[in-house]
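Being a predicted model, the structure only gives us computed values, none of them experimental. Chain letters run A, B, ... following the sequence lines, proteins first and then strands; every chain starts at 1.
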Protein chains: 2
Amino acid sequence: MSSKEYILQTAVTLFSKQGFSGMSMRDLAKSVNMSTSAVYHHFPNKQALYLDAVHFAFAKQASAFDEVWQAELAADEKLSRFVSCLVRVLSTDVDFRRLMQRELLDADDGRMQLLAKEVFQEQFCHLMAVIEQLSESRQVHFSALSVIALVCDIIQMQPLSRHLPGWQAEHEQLDFIAEHVLNLLMNGIKSKG
Amino acid sequence: MSSKEYILQTAVTLFSKQGFSGMSMRDLAKSVNMSTSAVYHHFPNKQALYLDAVHFAFAKQASAFDEVWQAELAADEKLSRFVSCLVRVLSTDVDFRRLMQRELLDADDGRMQLLAKEVFQEQFCHLMAVIEQLSESRQVHFSALSVIALVCDIIQMQPLSRHLPGWQAEHEQLDFIAEHVLNLLMNGIKSKG
DNA sequence: GTCTATATGGCGATAGAC
DNA sequence: GTCTATCGCCATATAGAC
(Lines give C-alpha, C1' and ligand atoms only; values in the text may rest on other atoms or scores of the structure.)
Protein backbone atom coordinates (compact mmCIF):
# COMPACT_ATOMS: atom_id res chain seq x y z
CA MET A 1 0.00 0.00 0.00
CA SER A 2 1.30 3.46 -0.90
CA SER A 3 1.97 6.09 1.75
CA LYS A 4 -0.97 8.09 0.49
CA GLU A 5 -3.37 5.15 0.80
CA TYR A 6 -2.03 4.34 4.22
CA ILE A 7 -2.57 7.92 5.36
CA LEU A 8 -6.08 7.92 3.92
CA GLN A 9 -7.00 4.64 5.60
CA THR A 10 -5.73 5.91 8.94
CA ALA A 11 -7.45 9.27 8.47
CA VAL A 12 -10.77 7.51 7.86
CA THR A 13 -10.51 5.80 11.23
CA LEU A 14 -9.44 8.93 13.10
CA PHE A 15 -12.03 11.19 11.46
CA SER A 16 -14.76 8.64 12.14
CA LYS A 17 -13.79 8.46 15.81
CA GLN A 18 -13.06 12.12 16.52
CA GLY A 19 -14.72 14.13 13.78
CA PHE A 20 -13.11 16.77 11.58
CA SER A 21 -12.12 19.28 14.23
CA GLY A 22 -11.40 16.63 16.83
CA MET A 23 -8.62 15.00 14.83
CA SER A 24 -5.38 16.93 14.52
CA MET A 25 -2.89 16.59 11.70
CA ARG A 26 -0.29 15.88 14.38
CA ASP A 27 -2.31 12.91 15.70
CA LEU A 28 -2.62 11.57 12.20
CA ALA A 29 1.07 12.03 11.46
CA LYS A 30 1.98 10.21 14.66
CA SER A 31 -0.41 7.37 13.82
CA VAL A 32 1.28 6.78 10.47
CA ASN A 33 4.80 7.36 11.85
CA MET A 34 5.49 10.41 9.75
CA SER A 35 6.04 14.09 10.28
CA THR A 36 3.18 16.45 9.61
CA SER A 37 5.14 17.84 6.68
CA ALA A 38 5.16 14.42 5.04
CA VAL A 39 1.39 14.29 5.34
CA TYR A 40 1.13 17.77 3.81
CA HIS A 41 3.21 16.54 0.91
CA HIS A 42 0.30 14.27 -0.10
CA PHE A 43 -2.61 16.56 0.69
CA PRO A 44 -2.77 20.34 0.28
CA ASN A 45 -4.68 20.92 3.54
CA LYS A 46 -6.84 19.29 6.18
CA GLN A 47 -10.11 19.97 4.40
CA ALA A 48 -8.95 18.29 1.20
CA LEU A 49 -7.63 15.34 3.18
CA TYR A 50 -11.00 14.99 4.87
CA LEU A 51 -12.90 15.00 1.59
CA ASP A 52 -10.48 12.45 0.14
CA ALA A 53 -10.92 10.29 3.24
CA VAL A 54 -14.72 10.39 3.00
CA HIS A 55 -14.51 9.54 -0.69
CA PHE A 56 -12.09 6.70 0.07
CA ALA A 57 -14.26 5.17 2.78
CA PHE A 58 -17.39 5.36 0.65
CA ALA A 59 -15.73 3.93 -2.47
CA LYS A 60 -14.73 0.83 -0.54
CA GLN A 61 -18.41 -0.03 -0.06
CA ALA A 62 -19.56 0.64 -3.60
CA SER A 63 -19.46 -3.00 -4.65
CA ALA A 64 -20.75 -4.49 -1.39
CA PHE A 65 -24.27 -4.80 -2.78
CA ASP A 66 -23.38 -6.24 -6.18
CA GLU A 67 -24.72 -9.71 -5.39
CA VAL A 68 -27.99 -8.47 -3.95
CA TRP A 69 -29.96 -7.44 -6.98
CA GLN A 70 -29.59 -10.50 -9.19
CA ALA A 71 -32.32 -10.64 -11.81
CA GLU A 72 -33.47 -14.20 -11.22
CA LEU A 73 -34.42 -13.64 -7.59
CA ALA A 74 -37.94 -12.95 -6.37
CA ALA A 75 -38.64 -9.46 -5.07
CA ASP A 76 -39.02 -10.45 -1.44
CA GLU A 77 -35.78 -12.43 -1.63
CA LYS A 78 -34.02 -9.36 -3.05
CA LEU A 79 -35.32 -7.25 -0.19
CA SER A 80 -34.21 -9.85 2.30
CA ARG A 81 -30.71 -9.94 0.86
CA PHE A 82 -30.48 -6.17 0.81
CA VAL A 83 -31.44 -5.88 4.46
CA SER A 84 -28.95 -8.57 5.45
CA CYS A 85 -26.23 -6.93 3.41
CA LEU A 86 -26.92 -3.47 4.84
CA VAL A 87 -26.87 -4.83 8.38
CA ARG A 88 -23.59 -6.56 7.69
CA VAL A 89 -21.89 -3.57 6.06
CA LEU A 90 -22.96 -1.11 8.76
CA SER A 91 -22.03 -3.46 11.58
CA THR A 92 -18.73 -4.56 10.11
CA ASP A 93 -17.29 -1.33 8.73
CA VAL A 94 -17.74 0.86 11.76
CA ASP A 95 -15.61 3.65 10.33
CA PHE A 96 -17.83 3.85 7.27
CA ARG A 97 -20.98 4.00 9.36
CA ARG A 98 -19.68 6.65 11.74
CA LEU A 99 -18.28 8.76 8.93
CA MET A 100 -21.66 8.62 7.21
CA GLN A 101 -23.43 9.67 10.41
CA ARG A 102 -21.02 12.57 10.81
CA GLU A 103 -21.63 13.61 7.23
CA LEU A 104 -25.37 13.63 7.89
CA LEU A 105 -24.69 16.03 10.75
CA ASP A 106 -22.01 18.24 9.27
CA ALA A 107 -22.08 18.12 5.49
CA ASP A 108 -23.29 21.11 3.51
CA ASP A 109 -25.74 20.70 0.66
CA GLY A 110 -23.02 20.05 -1.90
CA ARG A 111 -21.57 17.19 0.12
CA MET A 112 -25.09 15.83 0.66
CA GLN A 113 -25.54 15.71 -3.10
CA LEU A 114 -22.25 13.87 -3.41
CA LEU A 115 -23.27 11.43 -0.68
CA ALA A 116 -26.62 10.85 -2.38
CA LYS A 117 -25.12 10.31 -5.80
CA GLU A 118 -22.00 8.32 -4.98
CA VAL A 119 -23.14 6.23 -2.04
CA PHE A 120 -26.88 5.88 -2.03
CA GLN A 121 -28.41 6.49 -5.42
CA GLU A 122 -27.71 3.20 -7.13
CA GLN A 123 -28.82 1.02 -4.22
CA PHE A 124 -31.78 3.31 -3.61
CA CYS A 125 -33.06 2.86 -7.16
CA HIS A 126 -32.75 -0.92 -6.94
CA LEU A 127 -34.55 -0.84 -3.60
CA MET A 128 -37.38 1.31 -4.94
CA ALA A 129 -37.84 -1.07 -7.87
CA VAL A 130 -38.16 -4.02 -5.51
CA ILE A 131 -40.58 -2.19 -3.24
CA GLU A 132 -42.69 -1.22 -6.23
CA GLN A 133 -43.14 -4.92 -6.94
CA LEU A 134 -43.96 -5.77 -3.34
CA SER A 135 -46.16 -2.87 -2.37
CA GLU A 136 -49.40 -1.24 -3.37
CA SER A 137 -48.23 2.07 -1.98
CA ARG A 138 -47.54 5.03 -4.18
CA GLN A 139 -44.94 6.30 -1.70
CA VAL A 140 -42.07 4.18 -2.94
CA HIS A 141 -39.40 6.76 -2.15
CA PHE A 142 -40.61 7.05 1.41
CA SER A 143 -40.76 3.29 1.88
CA ALA A 144 -37.25 2.80 0.55
CA LEU A 145 -36.02 5.54 2.84
CA SER A 146 -37.76 3.84 5.75
CA VAL A 147 -35.96 0.56 5.11
CA ILE A 148 -32.55 2.23 5.17
CA ALA A 149 -33.42 4.47 8.11
CA LEU A 150 -34.66 1.57 10.20
CA VAL A 151 -31.49 -0.48 9.73
CA CYS A 152 -29.10 2.46 10.17
CA ASP A 153 -30.58 3.74 13.39
CA ILE A 154 -31.08 0.35 15.01
CA ILE A 155 -27.35 -0.22 14.63
CA GLN A 156 -26.51 3.35 15.57
CA MET A 157 -28.54 3.09 18.77
CA GLN A 158 -26.96 -0.15 19.95
CA PRO A 159 -24.67 1.42 22.58
CA LEU A 160 -27.73 3.18 23.98
CA SER A 161 -30.22 0.31 23.79
CA ARG A 162 -27.90 -1.81 25.92
CA HIS A 163 -29.01 0.34 28.84
CA LEU A 164 -32.75 0.17 28.11
CA PRO A 165 -35.05 -2.37 29.76
CA GLY A 166 -35.59 -5.66 27.95
CA TRP A 167 -32.29 -5.69 26.14
CA GLN A 168 -30.73 -9.05 25.34
CA ALA A 169 -27.34 -9.84 23.90
CA GLU A 170 -28.86 -11.58 20.88
CA HIS A 171 -30.38 -8.24 19.83
CA GLU A 172 -26.96 -7.30 18.49
CA GLN A 173 -26.39 -10.39 16.39
CA LEU A 174 -26.43 -9.61 12.69
CA ASP A 175 -28.85 -12.40 11.77
CA PHE A 176 -31.27 -11.42 14.50
CA ILE A 177 -31.34 -7.79 13.40
CA ALA A 178 -31.79 -8.67 9.73
CA GLU A 179 -34.53 -11.19 10.44
CA HIS A 180 -36.56 -8.93 12.68
CA VAL A 181 -36.19 -5.87 10.50
CA LEU A 182 -37.42 -7.87 7.54
CA ASN A 183 -40.29 -9.26 9.56
CA LEU A 184 -41.32 -5.77 10.61
CA LEU A 185 -41.14 -4.54 7.03
CA MET A 186 -43.22 -7.40 5.66
CA ASN A 187 -45.80 -7.78 8.39
CA GLY A 188 -45.74 -4.70 10.58
CA ILE A 189 -45.39 -4.61 14.30
CA LYS A 190 -48.27 -6.99 15.06
CA SER A 191 -46.62 -10.10 13.73
CA LYS A 192 -45.39 -12.98 15.83
CA GLY A 193 -41.73 -12.51 14.79
CA MET B 1 -33.45 34.33 32.40
CA SER B 2 -30.21 34.19 34.38
CA SER B 3 -26.82 34.58 32.74
CA LYS B 4 -26.07 30.97 33.38
CA GLU B 5 -29.25 29.77 31.69
CA TYR B 6 -28.65 32.10 28.77
CA ILE B 7 -25.15 30.72 28.33
CA LEU B 8 -26.46 27.16 28.52
CA GLN B 9 -29.18 27.79 25.97
CA THR B 10 -26.69 29.34 23.58
CA ALA B 11 -24.17 26.58 24.19
CA VAL B 12 -26.77 23.95 23.31
CA THR B 13 -27.26 25.54 19.90
CA LEU B 14 -23.56 25.95 19.21
CA PHE B 15 -22.61 22.46 20.40
CA SER B 16 -25.40 20.93 18.34
CA LYS B 17 -24.22 22.77 15.23
CA GLN B 18 -20.47 22.40 15.61
CA GLY B 19 -19.84 19.60 18.06
CA PHE B 20 -17.70 19.70 21.19
CA SER B 21 -14.33 20.44 19.64
CA GLY B 22 -15.79 22.55 16.85
CA MET B 23 -17.26 25.16 19.20
CA SER B 24 -14.81 27.47 20.90
CA MET B 25 -15.35 29.19 24.21
CA ARG B 26 -14.61 32.45 22.43
CA ASP B 27 -17.42 31.87 19.93
CA LEU B 28 -19.76 31.15 22.78
CA ALA B 29 -18.66 34.21 24.76
CA LYS B 30 -19.12 36.39 21.70
CA SER B 31 -22.60 34.92 21.11
CA VAL B 32 -23.73 35.84 24.61
CA ASN B 33 -21.93 39.22 24.58
CA MET B 34 -19.56 38.37 27.39
CA SER B 35 -15.87 37.83 27.84
CA THR B 36 -14.60 34.28 28.04
CA SER B 37 -13.72 34.92 31.69
CA ALA B 38 -17.34 35.66 32.48
CA VAL B 39 -18.32 32.31 30.98
CA TYR B 40 -15.63 30.59 33.05
CA HIS B 41 -17.12 32.20 36.14
CA HIS B 42 -20.23 30.02 35.68
CA PHE B 43 -18.59 26.79 34.51
CA PRO B 44 -15.26 25.32 35.64
CA ASN B 45 -14.22 24.16 32.16
CA LYS B 46 -15.47 23.35 28.68
CA GLN B 47 -16.18 19.70 29.42
CA ALA B 48 -18.41 20.54 32.39
CA LEU B 49 -20.20 23.18 30.35
CA TYR B 50 -20.85 20.61 27.63
CA LEU B 51 -22.30 18.09 30.06
CA ASP B 52 -24.49 20.78 31.60
CA ALA B 53 -25.66 21.81 28.14
CA VAL B 54 -26.58 18.25 27.18
CA HIS B 55 -28.44 17.85 30.43
CA PHE B 56 -30.23 21.17 29.89
CA ALA B 57 -31.32 20.32 26.35
CA PHE B 58 -32.61 16.90 27.34
CA ALA B 59 -34.47 18.15 30.41
CA LYS B 60 -36.46 20.55 28.24
CA GLN B 61 -38.03 17.59 26.43
CA ALA B 62 -38.84 15.49 29.49
CA SER B 63 -42.48 16.54 29.62
CA ALA B 64 -43.13 16.59 25.88
CA PHE B 65 -44.75 13.16 25.97
CA ASP B 66 -46.94 13.68 29.02
CA GLU B 67 -50.18 13.76 27.05
CA VAL B 68 -49.42 10.68 24.99
CA TRP B 69 -49.93 7.83 27.42
CA GLN B 70 -53.36 8.68 28.83
CA ALA B 71 -54.98 5.63 30.35
CA GLU B 72 -58.32 5.86 28.59
CA LEU B 73 -56.90 5.65 25.10
CA ALA B 74 -56.76 2.48 23.01
CA ALA B 75 -53.32 0.99 22.43
CA ASP B 76 -53.14 1.83 18.73
CA GLU B 77 -54.23 5.37 19.48
CA LYS B 78 -51.44 5.67 22.05
CA LEU B 79 -48.91 4.45 19.52
CA SER B 80 -50.23 6.90 16.97
CA ARG B 81 -49.92 9.78 19.39
CA PHE B 82 -46.41 8.75 20.39
CA VAL B 83 -45.23 8.64 16.78
CA SER B 84 -46.77 12.02 16.04
CA CYS B 85 -45.23 13.50 19.16
CA LEU B 86 -41.80 12.07 18.43
CA VAL B 87 -41.91 13.38 14.87
CA ARG B 88 -42.92 16.79 16.15
CA VAL B 89 -40.26 16.98 18.87
CA LEU B 90 -37.42 15.84 16.62
CA SER B 91 -38.46 18.11 13.78
CA THR B 92 -39.11 21.15 15.94
CA ASP B 93 -36.23 21.08 18.40
CA VAL B 94 -33.38 20.66 15.96
CA ASP B 95 -30.76 21.38 18.62
CA PHE B 96 -32.07 18.54 20.76
CA ARG B 97 -32.05 16.09 17.88
CA ARG B 98 -28.56 16.99 16.69
CA LEU B 99 -27.15 16.91 20.21
CA MET B 100 -28.65 13.48 20.68
CA GLN B 101 -27.11 12.26 17.44
CA ARG B 102 -23.75 13.62 18.50
CA GLU B 103 -24.05 11.88 21.84
CA LEU B 104 -24.77 8.60 20.05
CA LEU B 105 -21.49 9.11 18.20
CA ASP B 106 -19.26 10.51 20.91
CA ALA B 107 -20.57 9.57 24.34
CA ASP B 108 -18.78 7.01 26.46
CA ASP B 109 -20.66 4.26 28.23
CA GLY B 110 -21.39 6.37 31.29
CA ARG B 111 -23.00 9.11 29.23
CA MET B 112 -24.96 6.46 27.31
CA GLN B 113 -26.38 5.21 30.60
CA LEU B 114 -27.33 8.76 31.51
CA LEU B 115 -28.96 9.25 28.11
CA ALA B 116 -30.86 5.98 28.47
CA LYS B 117 -32.07 6.73 31.96
CA GLU B 118 -32.86 10.43 31.73
CA VAL B 119 -34.14 10.75 28.19
CA PHE B 120 -35.39 7.44 26.90
CA GLN B 121 -36.27 5.06 29.70
CA GLU B 122 -39.66 6.37 30.73
CA GLN B 123 -41.01 6.74 27.21
CA PHE B 124 -39.45 3.45 26.23
CA CYS B 125 -41.31 1.59 28.97
CA HIS B 126 -44.63 3.16 27.99
CA LEU B 127 -43.93 2.27 24.38
CA MET B 128 -43.09 -1.34 25.20
CA ALA B 129 -46.31 -1.67 27.19
CA VAL B 130 -48.35 -0.45 24.25
CA ILE B 131 -46.55 -2.74 21.80
CA GLU B 132 -47.12 -5.67 24.11
CA GLN B 133 -50.84 -5.04 23.76
CA LEU B 134 -50.70 -4.69 19.99
CA SER B 135 -48.28 -7.42 19.08
CA GLU B 136 -47.91 -11.16 19.33
CA SER B 137 -44.14 -10.85 19.20
CA ARG B 138 -41.94 -11.68 22.14
CA GLN B 139 -39.36 -9.14 20.98
CA VAL B 140 -40.98 -6.10 22.54
CA HIS B 141 -37.71 -4.33 23.26
CA PHE B 142 -36.61 -4.70 19.68
CA SER B 143 -39.95 -3.50 18.32
CA ALA B 144 -39.94 -0.43 20.54
CA LEU B 145 -36.40 0.33 19.47
CA SER B 146 -37.48 -0.02 15.84
CA VAL B 147 -40.23 2.55 16.25
CA ILE B 148 -37.86 5.13 17.66
CA ALA B 149 -35.09 4.29 15.20
CA LEU B 150 -37.39 4.60 12.22
CA VAL B 151 -38.63 8.04 13.17
CA CYS B 152 -35.21 9.37 14.19
CA ASP B 153 -33.38 8.35 11.06
CA ILE B 154 -36.10 9.38 8.63
CA ILE B 155 -35.82 12.89 10.03
CA GLN B 156 -32.04 12.71 10.26
CA MET B 157 -31.77 11.68 6.61
CA GLN B 158 -33.97 14.47 5.27
CA PRO B 159 -31.13 16.64 3.95
CA LEU B 160 -29.83 13.60 2.09
CA SER B 161 -33.12 12.22 0.82
CA ARG B 162 -33.83 15.53 -0.90
CA HIS B 163 -31.22 14.49 -3.44
CA LEU B 164 -32.51 10.96 -3.99
CA PRO B 165 -34.89 10.05 -6.83
CA GLY B 166 -38.62 10.21 -6.09
CA TRP B 167 -38.38 12.85 -3.40
CA GLN B 168 -41.35 15.17 -2.95
CA ALA B 169 -41.68 18.21 -0.72
CA GLU B 170 -44.63 16.67 1.16
CA HIS B 171 -42.27 13.95 2.43
CA GLU B 172 -40.98 16.46 4.95
CA GLN B 173 -44.34 17.51 6.36
CA LEU B 174 -44.81 16.35 9.91
CA ASP B 175 -48.26 14.84 9.35
CA PHE B 176 -47.09 12.93 6.31
CA ILE B 177 -44.13 11.43 8.14
CA ALA B 178 -46.20 10.44 11.16
CA GLU B 179 -48.97 8.93 9.07
CA HIS B 180 -46.69 6.85 6.89
CA VAL B 181 -44.48 5.68 9.72
CA LEU B 182 -47.56 4.52 11.58
CA ASN B 183 -48.90 2.81 8.50
CA LEU B 184 -45.62 0.98 8.01
CA LEU B 185 -45.59 -0.09 11.64
CA MET B 186 -49.16 -1.38 11.58
CA ASN B 187 -49.28 -2.98 8.16
CA GLY B 188 -45.74 -3.41 6.89
CA ILE B 189 -44.41 -2.26 3.58
CA LYS B 190 -47.03 -3.93 1.41
CA SER B 191 -49.90 -1.71 2.41
CA LYS B 192 -51.57 0.83 0.19
CA GLY B 193 -50.51 3.77 2.42
C1' DG C 1 -20.22 38.95 37.90
C1' DT C 2 -17.89 41.02 34.56
C1' DC C 3 -13.94 43.01 32.68
C1' DT C 4 -8.77 43.41 30.52
C1' DA C 5 -4.62 41.21 30.12
C1' DT C 6 -1.98 37.30 29.79
C1' DA C 7 0.01 32.59 30.49
C1' DT C 8 0.63 28.30 28.15
C1' DG C 9 0.16 25.16 24.75
C1' DG C 10 -1.70 22.95 20.46
C1' DC C 11 -3.22 23.96 15.97
C1' DG C 12 -2.73 24.21 10.61
C1' DA C 13 0.55 25.14 7.52
C1' DT C 14 5.30 26.38 5.46
C1' DA C 15 10.58 26.77 4.58
C1' DG C 16 14.36 24.59 3.29
C1' DA C 17 17.82 20.77 3.94
C1' DC C 18 18.60 15.97 2.44
C1' DG D 1 9.20 11.92 -0.17
C1' DT D 2 10.57 12.72 4.26
C1' DC D 3 12.77 15.27 7.74
C1' DT D 4 13.65 19.35 11.46
C1' DA D 5 12.53 23.76 12.68
C1' DT D 6 9.50 27.31 12.87
C1' DC D 7 5.75 30.87 11.89
C1' DG D 8 1.47 32.88 13.24
C1' DC D 9 -2.75 32.02 15.15
C1' DC D 10 -6.28 30.48 18.12
C1' DA D 11 -7.47 27.46 21.81
C1' DT D 12 -8.44 26.73 26.98
C1' DA D 13 -7.86 28.62 31.09
C1' DT D 14 -6.21 31.97 34.84
C1' DA D 15 -4.87 36.46 37.48
C1' DG D 16 -6.34 40.35 39.32
C1' DA D 17 -8.82 44.98 38.96
C1' DC D 18 -13.51 46.92 39.43
Return the set of residues passing side-chain hydrogen bond (donor to acceptor under 3.5 Å, both in side chains) with A/H126 (not counting sequence neighbours), or none when no residue passes. none

Return the set of residues passing side-chain hydrogen bond (donor to acceptor under 3.5 Å, both in side chains) with B/N187 (not counting sequence neighbours), or none when no residue passes. B/N183

Looking at residues 28-53 of chain A, who's got a heavy atom less than 4.0 Å off DNA chain C? A/T36, A/S37, A/Y40, A/N45, A/K46

Applying side-chain hydrogen bond (donor to acceptor under 3.5 Å, both in side chains) to A/Q121 and not counting sequence neighbours gives none

A/S16: what forms a side-chain hydrogen bond (donor to acceptor under 3.5 Å, both in side chains) with it, not counting sequence neighbours? A/D95

Ring centres under 6.0 angstrom apart (B/F124, B/H141): yes

Partner set under salt bridge (charged side-chain N to carboxylate O under 4.0 Å, His left out) for B/E172, not counting sequence neighbours: B/R162

Just grab all the side-chain hydrogen bond (donor to acceptor under 3.5 Å, both in side chains) pairs involving residues 61-73 of chain B, residues at least two apart or on different chains. B/Q61-B/D93, B/W69-B/Q123

Residues from residues 4-16 of chain A sitting under 4.0 Å of DNA chain C, heavy atoms only? none

Sequence neighbours excluded, every pair satisfying side-chain hydrogen bond (donor to acceptor under 3.5 Å, both in side chains) that has a member inside residues 33-53 of chain B: B/Y50-B/E103

Sequence neighbours excluded, which residues qualify as salt bridge (charged side-chain N to carboxylate O under 4.0 Å, His left out) partners of A/R81? A/E77

Would you mind listing every ring pair (Phe, Tyr, Trp, His ring centres under 6.0 Å) that reaches into residues 83-112 of chain B, with sequence neighbours excluded? B/F58-B/F96

Please find the earliest and latest nucleotides of DNA chain C, in the 5' to 3' direction, that have an atom within less than 4.0 Å of any heavy atom of chain A. C/dC11 to C/dA15

From CE of B/M25 over to P of D/dA13, roughly how many Å is that when rounded to an integer? 6 Å

